[in-house]
Structures are given as C-alpha cells and as structure tokens.
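None of these values were measured; they are calculated from a predicted model. Numbered from 1 within each chain, the chains take letters A, B, ... in sequence-line order.
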Amino acid sequence: MHDVKTDAALDSAWSGGASPFAMGSKKLGMWLFIVSDTLTFSALLITYTYSRITNPDWPKPFPMNPAIIFSTTMTVVLLASSLTMVMAVMAAQRNDRKKTVLWMIATMAGGLTFMALHLREWFHLFEEGATITHNPWGTPLFGAVFFGVTGMHMTHVLIGVIYLGIVATGYGRGKFSAEDVEVNGLYWHFVDLVWMFVFPLVYLMSVKY
Amino acid sequence: MVTHENGGGHGHHQAPTGFIRKYVFSIDHKVIGIQYLCLALFSVFVGMALSALMRLHLGWPNAHWSIFKGGLMTPEQYLALMTMHGTIMVFMVLTTAPQSGFGNYFLPIQIGAADMAFPVLNMLSFWTTMVSLLVMIAAFFVAGGAPIGGWTSYPPLSALGEMAGPGQGAGETLWIIGLAIFCGASLMGALNFITTLIDLRAKGMTLGRLPLTCWTWFVTAILGLLAFGVLLAACILLLLDRVAGTSFFIPGGLVITDQVITWHKGGSPLLWQHLFWFFGHPEVYIAILPGMGVASHLLSTFSRKPVFGYRAMVGAICGIGFLGFCVWGHHMFISGMSPYSAFAFSILTMTIGVPSAIKTFNWLGTLWGGKITFNCAMLFALGFVSLFVSGGLSGLFLAQPALDLYLHDGYFVVAHFHLIMGVAAIFGMFAGLYFWFPKMFGRFLNEGIGKLHFWLTFIGVYAIFMPMHFLGLAGHPRRYFDTTAVEFLQKLQPVHVFISIAAFITIGAQLIFLFNFFYSLYAGKECKEENPWHATTLEWSIPTPPPFDNFAGVEPVVYHGPYEFSVPGAADDYIPQHLAPNLVKKA
Amino acid sequence: MNDHAHAEEAHAGASVGTNLAIWIGLVAITGLEVFLAYEELQPTLMLTILIGLSLVKAAMIMSYFMHLKFERFSLVLWLVPAMIFCIAMMMIFFFTEAYWGMGLRPH
Ligand code: HEM
Ligand SMILES: [Cu+2]
C-alpha cells in the first residue's frame with residue numbers, strides 16, 4: 001500500500017536527496033543573503049522617501065554639470081565592472097584560471113575606480129559645506145540621507161572588492177571552485193543593482209535647474 | 001550530487017579531537033545547538049533575576065532593601081532593569097533557544113542530514129550572538145549604566161544621548177550596537193536553516209513528510225531573514241542619530257528637561273516605530289512558532305494519534321508567517337495614525353485569529369480520543385496550548401483600535417504578551433527539553449521533580465499574569481516606577497503584592513528545574529534505547545546520544561509521513577519514518 | 001539527476017554577445033534616465049518613470065548577469081514575491097502615514 005506513494009514521492013524535485021533548484025547550496029545561500037540585504041537597502045531608501053515627504057524644504061542641489069555628469073560616469077564604471085565580472089564567471093566555467101583572475105582584477109579595478117570617484121564627489125560636497133549633519137541648502141536630513149545611503153552602498157562596494165580579492169587569490173591557487181567565483185559574482189551584481197536605484201533616487205531626483 | 005559537495009554533505013567531515021575544536025569552536029550542529037541552549041539558559045536566569053528585583057520593588061515600593069544604595073531603588077534603576085529584562089528575554093532567550101538551539105540540534109537530524117548546509121557559518125552565527133550578548137551586558141558596566149528606553153527603544157529619547165537620562169548615553173549606544181550585531185547573527189542563522197531544509201533533505205523526505213517542528217523552524221527562518229534586514233537598517237539609522245548627529249528620528253523644537261534642542265530637526269520618531277514594528281511583529285512569531293511545532297509534535301506522539309489536519313497545520317504555519325508582515329500597525333494605534341490604516345491593521349490583525357484557531361482546534365482534535373500519556377513533556381505541551389489560547393484571546397481585544405486606545409501601554413498589554421510570547425514560548429522549550437533530553441544527553445530528566453516543576457510553574461504564571469489583565473482594565477499604565485504616588489493606583493497595591501509573591505514562588509520553581517537539569521545530567525535514569533518514546537521521526541532512528549555525523553555516513557531514506565501512529569493493520573502503534581514498507585509488521 | 005546533467009545546466013547561460021547587448025541596454029537606459037532629468041519633468045511623473053526604468057534594469061541584471069533566467073523558475077518564485085511583498089507593505093503604509101502626519105501639522 002505504501003510502495004506506490006513512495007515511488008511517486010521520490011520522483012519530484014522536492015522529494016529530497018537533491019537540491020530542488022538544481023544548484024549548489026552556496027549559491028542558494030548567497031541568494032538568500034541578497035534577499036535580506038535588499039530589504040535593508042529598501043528600508044533605507046524608504047526612510048529617504050519618508051523623510052522627503054515630511055520635509056517640504058528638501059533641497060535639490062545637484063547641477064547637471066558637473067554633479068550629474070560625474071555621477072553618471074560613476075554609474076557607467078560600476079556597470080562596466082559588472083560586465084567584467086560576467087566575463088570572469090564565464091572564464092571560470094571554462095576552467096580558464098588565468099583569464100578568470102584577470103577579469104576579476106579588472107572588476108576590482110572598476111570597483112576601486114567607482115569608490116575613488118565617489119569619494120571625490122563626497123569631498124566636493126564637504127567643500128561646499130554639506131556634511132552628514134548640515135548643509136547650506138535646506139533640511140539637514142538631506143545630508144543625513146545622502147551620506148547615509150551612499151555610505152552604506154560604498155561599504156558594500158568595499159566589502160565586494162575585498163571579497164573579490166580573496167576569491168581571486170584562492171581561485172588562482174586552485175583552492176576555490178568556479179562555483180565560488182559565481183557566488184562572488186552574484187554579490188557583485190547585487191551591489192551594482194542597488195546602485196541602479198540609488199542613482200536615480202538620490203541624484204536624478206535632486207537636480208538643480 | 002551537487003548538494004553533497006557543499007559543507008554539510010553526508011559523511012564528509014571527521015570528528016575533531018581537540019577540546020577547542022570539539023566544544024568551543026565546533027562546527028558540529030549538535031554542539032552548536034547545545035551552545036545556543038546554554039547561552040539561552042544563562043540569559044534566562046539573568047533576565048529572571050532582573051525581574052525579581054523589579055517585582056521586589058513593585059510589591060513593596062517603600063521598603064528598604066540593603067541591595068540598593070540607600071536602601072531604595074531609583075526610578076532610573078527600575079527602568080534599566082526593565083529594559084534589560086525585556087531585551088535579554090526577547091532576543092537572547094526567545095529568539096535563540098527554540099530556533100537556534102533546538103532547531104540547530106534537531107532540524108538536520110529530522111530531515112536526515114549529516115549537518116547544516118554551512119557548518120562554519122553556523123559556528124560564526126553562534127559566536128556573533130555571543131558577542132552581541134556580551135556587548136549588551138556590558139551596558140550595565142559603563143558610565144550611566146544600562147539603557148532605560150525599554151526593549152522597543154523609542155526615539156527621540158533613545159536618540160538624544162545622555163541628556164535623556166542616565167543609561168541613554170554609552171549604555172544605549174552599546175545596546176544598539178549589540179542589537180545590530182544580533183541582526184547579523186540571526187541573518188546568518190536564518191539563511192543556513194533555509195538552505196539546509198531546502199537542499200539537504202534525505203531521499204523521500206518530501207515537504208509533506210516534514211515533521212511540523214521542521215516546518216515551524218523553516219518558516220521562522222524565513223521570517224528572520226526578512227525581518228532582521230529591516231531592523232538592521234533601523235539600528236544603523238538610530239546609531240547615526242546618536243553618534244553622527246543626524247536627525248532621522250528626531251523632530252525639531254524638542255524640549256528635554258528645560259533644554260531646547262536646536263541642533264536636531266526634520267526627523268520623525270514615528271518612522272522608527274514603523275521600522276521597529278515591521279520587524280517586531282514577525283519577531284513575536286519567531287518566538288512562538290517553534291513552540292507551536294514542538295507542541296504539535298508532542299501532542300501527537302503522546303496521544304498516539306496522527307496530527308489532526310497536518311495540511312491545515314502547515315497552511316496555518318505559513319499563513320501566520322505571511323500575515324505576520326501585515327499587522328505591525330497594531331502596535332501604533334495611538335500614534336495618531338490615519339484611521340484608514342488603523343482599520344486595515346485591525347482587520348488584518350484579527351485575521352491572524354483564523355490560522356491561530358485552526359491550530360488550536362487541530363491540537364484539540366489530535367488529543368480527542370487519544371491514548372494520552374501525561375508525562376512532563378506532554379504536560380508542558382498541554383500547558384503551551386492553554387497559555388497560547390489565554391494569551392491569544394486578549395490579542396483580539398487589543399486588535400480593536402477603539403479598545404486599544406484605552407488598553408495600550410497598560411498592564412493589559414503586559415499580560416497579553418507575557419502569556420503568549422513569554423510563557424507560552426518557554427513552555428514550548430520545556431516541552432522540547434523534557435522530550436529530547438534523553439536523546440541529547442543519554443539520560444532522562446527526573447519525572448517526579450519535573451511534575452512538581454510543571455505544576456508550580458503552570459499555576460505560578462497564571463497567578464502572575466492573570467491579575468495583570470485587571471490592573472490594565474483599571475487603567476494601570478505599564479513601566480511605572482512608583483505605584484503609590486498616584487491615588488487610583490494605590491488601591492491596586494494589594495494586587496501587586498499578590499503578583500510579586502506569585503513571581504517569587506515561580507522563580508523558586510525554576511531553581512527546582514535547574515537542580516533537575518544538573519542532577520539528571522549526571523545521575524538521571526539512563527537511556528540506552530534509540531527510541532524511548534516510541535516516536536516516529538528520524539532523530540529516534542539513530543543511537544543515543546547521536547554520533548558525530550548523525551547517520552554514520554549512511555543516507556537515510558524516508559518512506560512515511562511524520563505522524564503515523566496507530567495505523568490500522570500495523571502491529572506496533574507507530575511506524576518510524578525510515579522503516580521500509582516491507583518491514584512494517586502486520587498485526 | 002546525475003552529475004553530468006547538472007554540469008550542463010549550470011553552464012548554460014547567455015553568450016558573450018547577449019551579455020554585451022544587455023550591458024549596452026543598461027547603459028542606454030541610464031542615458032535615458034539622465035536625459036529625463038535634464039528635461040525637468042514634473043517630479044511625480046519623473047519619479048514614476050525613473051522607478052519603472054530602474055525596475056527594468058534590475059530585472060535585466062538579475063535575469064542575465066545573475067543568471068536567474070537560466071535557473072529553475074521555482075527559485076524565482078521562492079525569492080522574489082516575498083521580497084516584493086515586504087517592500088510593497090512598507091511603501092503602502094509608511095507613505096500613507098507620512099502624508100497623514102503632514103496633514104496633522106499646524107499650518
Ligand atoms: C491572535 C493573535 C494576536 C493578536 C490579535 C495580537 C494583538 C496584539 C495587539 C493589538 C498588540 C498591541 C497592544 C498595544 O500595544 O496596545 C499586541 C502586543 C503584543 N503582542 Fe500580540 N497579538 C496576537 C498574538 C501574539 C503572539 C503570538 C505573540 C508572541 C508570540 C504576541 C506578542 C505581543 C507582544 C510582545 C506585544 C507587546 C509589545 C510591546 O509593546 O512591548 N502577540 N498584540
Ligand atoms: Cu504585534
């Protein structure tokens with residue numbers, strides 16, 4: 001009486017003994033982390049919007065030239081680093097260790113360039129008198145949100161660069177697998193994806209005309 | 001097989017030998033589970049000691065006690081005790097023990113895995129939790145002492161620093177940092193649990209054959225994954241308000257103790273309430289869901305009957321998890337919220353009554369006509385059901401905005417959440433401990449002492465928390481230090497005395513438990529059998545105590561549902577999940 | 001499912017050309033966004049369009065760069081709805097309350 005039920009049950013993707021998504025656990029783990037981190041960033045961006053709704057004197061301080069052009073460049077750099085990461089993952093899947101490491105170094109370079117540009121932008125704002133607590137244009141929450149959100153994103157970029165460094169070294173020495181590179185890639189693309197929301201909300205919605 | 005190359009694959013790692021690798025930085029889920037339980041046991045006694053001091057004061061507000069400087073407790077000391085009591089109990093006991101403690105130990109075994117999916121991450125999440133506990137406890141020892149803002153830490157007073165009171169300086173900063181670290185630890189734990197359950201189930205362990213304990217650990221982990229991310233953001237923002245001088249949660253024009261605050265403006269304290277309760281309501285289900293799983297499991301095992309309506313139970317667990325994200329506004333009815341939102345939150349909150357009632361009736365249905373054994377584990381499971389019902393009913397009162405305007409922030413709320421979250425969840429843990437102790441340590445907890453412990457605790461907690469409903473109805477606000485200074489509260493003082501005495505007796509009963517725990521650990525009745533309770537799930541198919549890799553490198557195969565008790569036509573009144581169909585003895 | 005089958009599945013993915021096309025698309029959408037900002041649209045309208053475009057970009061990154069298009073669809077069903085639901089709940093109630101609170105302020 002049980003056999004029929006048992007056989008049917010053992011056939012489906014969810015019947016145990018294998019991953020129902022046909023993928024390694026590490027990848028699933030990273031996806032779950034990304035879900036949680038998405039909510040952290042969402043909460044930050046929702047805080048931004050909430051603050052903007054409740055503060056009608058929200059400033060719009062970024063001129064098209066140079067601020068917007070500059071931040072657009074940053075966006076393109078970060079996007080480019082995602083493309084190099086895609087190349088690294090593809091190389092890793094072909095078992096081409098050398099190319100993988102090179103593409104990963106290119107990705108790190110992209111990340112570091114993004115950070116350097118971003119810090120320049122920060123210092124530019126400091127010069128204009130805008131800090132996390134004060135700014136010359138309107139509600140002090142503007143600086144809090146700007147530096148809070150971009151700072152949190154930059155922390156993620158920094159962690160990403162370090163993570164890339166560790167995985168690239170380990171993979172080059174044969175300690176890590178192609179899957180590790182792929183999982184690393186998931187994280188990196190996620191950091192890029194978050195910026196796709198930060199950039200329009202923080203910069204493009206605050207253009208000075 | 002892909003899954004098995006990752007971390008917790010079957011029979012991959014070898015038992016470590018050194019003391020440190022074996023007991024301190026262990027990656028064995030069973031050791032980590034016990035570590036979590038020890039952390040929770042330590043925390044629960046700290047939390048209880050704090051509550052004893054509070055009850056001492058509330059019962060006899062003007063008596064002199066030599067433990068306090070000058071013989072009397074100060075209001076700030078009272079608030080610090082209350083804050084730390086709440087925080088330690090909610091985060092370090094109710095969130096760790098049922099999920100990370102028992103879940104870590106038994107989830108992999110019940111699904112037939114050799115370990116968690118990420119054993120090293122598992123170790124990290126325990127030690128991160130430990131760091132978070134130490135950081136929070138450190139708040140007692142810094143200048144100004146522990147924070148006084150309550151476990152919900154509402155701004156603006158929690159965001160302004162020292163000027164808002166002693167404890168709101170360094171103590172509050174440590175509190176927030178500790179909480180942020182705890183978010184990280186819970187996140188690691190949650191993603192490990194989810195991955196383990198999805199990827200490492202043994203062959204034949206379909207979702208429909210998962211023990212309900214596993215279902216609740218699974219849904220709890222999902223709640224944790226989604227909720228702690230939001231709390232982390234809130235903690236970061238509050239920390240920025242405190243240390244970087246931002247004003248996310250601080251409005252302009254505040255006057256604190258005659259001082260006008262000019263350096264903050266534009267923020268909204270209500271934003272913190274939204275963020276906190278968006279996490280906070282799922283959190284209360286994080287605390288209770290594993291208890292529900294244990295209760296279902298034990299009611300079935302000890303009435304020798306399948307769980308009544310297994311599918312409905314699973315549906316209710318998922319429904320509760322889903323609705324848990326839709327109701328946070330019921331903590332904010334008096335915040336001046338829009339009546340339309342309040343209406344929506346009220347309806348959604350009452351909707352949770354539906355899955356809760358499904359669970360309750362199915363528990364009763366499971367018991368109906370069963371051959372019930374009243375051992376300690378079963379008594380605590382029954383106690384859980386009783387407390388869940390008592391506490392849940394008062395929730396329905398609080399869910400009406402019109403009633404809540406009066407009851408909010410009063411003792412009625414204190415009674416509600418202690419019965420349902422505090423005590424019910426703890427009963428779930430006790431039930432689990434009496435049930436699994438023999439498997440974990442190879443000895444039984446003493447039944448005689450256990451029954452004494454049960455009855456004292458059961459009567460004790462009702463004696464403590466039932467009268468609080470009446471205090472609340474009489475208008476007694478919560479978190480009040482001096483109940484004798486207000487005229488209408490003076491008349492309620494005898495109730496406080498009664499509650500305090502009941503509390504001391506109940507706390508004493510926990511010492512009986514502590515004695516039983518250590519006594520039985522070393523001298524309890526030995527359990528050499530694999531399956532002393534004649535239970536069905538996989539943890540009872542392996543030696544007692546379980547070997548390092550659980551199934552000795554053999555992958556178990558599952559053929560049966562989790563609760564096949566008293567199956568017609570079978571010789572025994574239980575069919576273990578792993579028993580091949582041709583081996584089931586016919587009557 | 002045997003190891004071989006899995007190896008094939010894991011390696012399946014877009015070609016370099018497709019990924020490059022996706023990338024160019026992402027840059028183009030970014031350019032469009034900046035152009036819209038330059039055009040000084042009415043803020044609510046602009047916010048709506050920007051969020052819409054960002055969601056499109058996110059979908060492109062997730063499907064191709066992050067391989068979600070090539071994983072089993074059940075994975076998408078496990079990950080995405082829960083996330084979207086939480087975000088939607090926050091947005092619905094937080095913003096309602098923000099506007100409501102503004103209405104209560106003395107004028
Ligand atoms: C039928 C189910 C439930 C309903 C309708 C309900 C309703 C409520 C409401 C309306 C409040 C807010 C009262 C106020 O602050 O004025 C509340 C508070 C609370 N509930 Fe429940 N609840 C239910 C189940 C639970 C469960 C299962 C738990 C925990 C396991 C729980 C834990 C809490 C806690 C901790 C608080 C107070 C938090 C605080 O202010 O410190 N509730 N409940
Ligand atoms: Cu609630």
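- Both the backbone and the side chain of A:Leu193 come within contact range of chain C, with heavy atoms under 4.5 Å apart.
- With chain A as partner, the option from C:Leu53, C:Val80, C:Leu55 having the largest number of non-hydrogen pairs under 4.5 angstrom is C:Leu55.
- Between chain A and the residues C:Glu97, C:Met90, C:Glu71, C:Met91, the most heavy-atom pairs under 4.5 angstrom are made by C:Glu71.
- A 4.5 Å side-chain heavy-atom check between A:Leu201 and C:Leu50 finds every atom pair outside the cut-off.
- Under the 3.5 Å distance criterion, with hydrogens and angles disregarded, no donor-acceptor pair is assigned to the side chains of C:Trp23 and A:Ser82.
- Crowding of C:Tyr99 atom OH: a count of heavy atoms from other residues, nucleotides or ligands under 6.0 Å not exceeding 12.
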Could you give me the CA-CA distance, side-chain angles and deciding distance for C:Trp78 and A:Phe21, then say whether side-chain contact (heavy atoms from CB on, under 4.5 Å) is met? CA-CA 10 Å; C:Trp78 273 85; A:Phe21 303 130; 3.5 Å; yes

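- When heavy atoms are compared at a cutoff of 4.5 Å, A:Met85 does not approach chain C at all.
- With a 4.5 Å cut-off on non-hydrogen atoms, C:Leu75 touches chain A through its backbone and its side chain both.
- For a residue to count as touching a neighbouring chain, one of its non-hydrogen atoms must lie under 4.5 Å from one of that chain's; by this rule C:Ile22 does not touch chain A.
- Using cut-offs of 30° and 60° for the angle between ring planes, the A:Trp122 and A:Phe147 rings count as perpendicular.
- Of residues 104-113 of chain A, not one residue has a non-hydrogen atom less than 4.5 Å from any non-hydrogen atom of chain C.
- Within a 6.0 Å radius of CZ in C:Phe95, more than 12 heavy atoms belonging to other residues, nucleotides or ligands are found.
- Ranked by heavy-atom pairs under 4.5 Å with chain C, the list A:Leu28, A:Leu204, A:Thr72 is led by A:Leu204.
- In this structure, CZ in A:Phe199 is found 8.5 Å from OH in A:Tyr203, a value given to the nearest 0.5 Å.
- Side-chain contact check for A:Arg120 versus A:Phe70: some heavy-atom pair is nearer than 4.5 Å.
- Interface summary for chain C: among A:Val35, A:Val86, A:Leu79, A:Leu186, the most heavy-atom pairs under 4.5 angstrom belong to A:Leu79.
- Note on ring orientation: taking the six-membered ring where Trp is involved, the planes of A:Trp58 and A:Phe142 are perpendicular (angle over 60°, cut-offs 30° and 60°).
- For A:Tyr209, the OH atom sits in a packed shell: over 12 heavy atoms of surrounding residues, nucleotides or ligands are nearer than 6.0 Å.
- Contact of A:Met196 with chain C is made through backbone and side chain together, with heavy-atom distances under 4.5 Å.
- For chain C, no part of A:Leu45 is nearby; none of its heavy atoms comes within less than 4.5 Å.
- If you tally non-hydrogen atom pairs under 4.5 Å between each of A:Val207, A:Val76, A:Thr49, A:Thr75 and chain C, the highest count goes to A:Thr49.
- The closest side-chain donor-acceptor pair between C:Thr18 and C:Ser15 falls under 3.5 angstrom.
- Residue C:Glu40 touches chain A through both its backbone and its side chain, counting heavy-atom pairs closer than 4.5 Å.
- Both the backbone and the side chain of A:Ala80 come within contact range of chain C, each with at least one heavy atom under 4.5 Å from a heavy atom of that chain.
- Classified by interplanar angle (parallel below 30°, tilted 30° to 60°, perpendicular above 60°), the ring pair A:His153/A:Trp195 is tilted.
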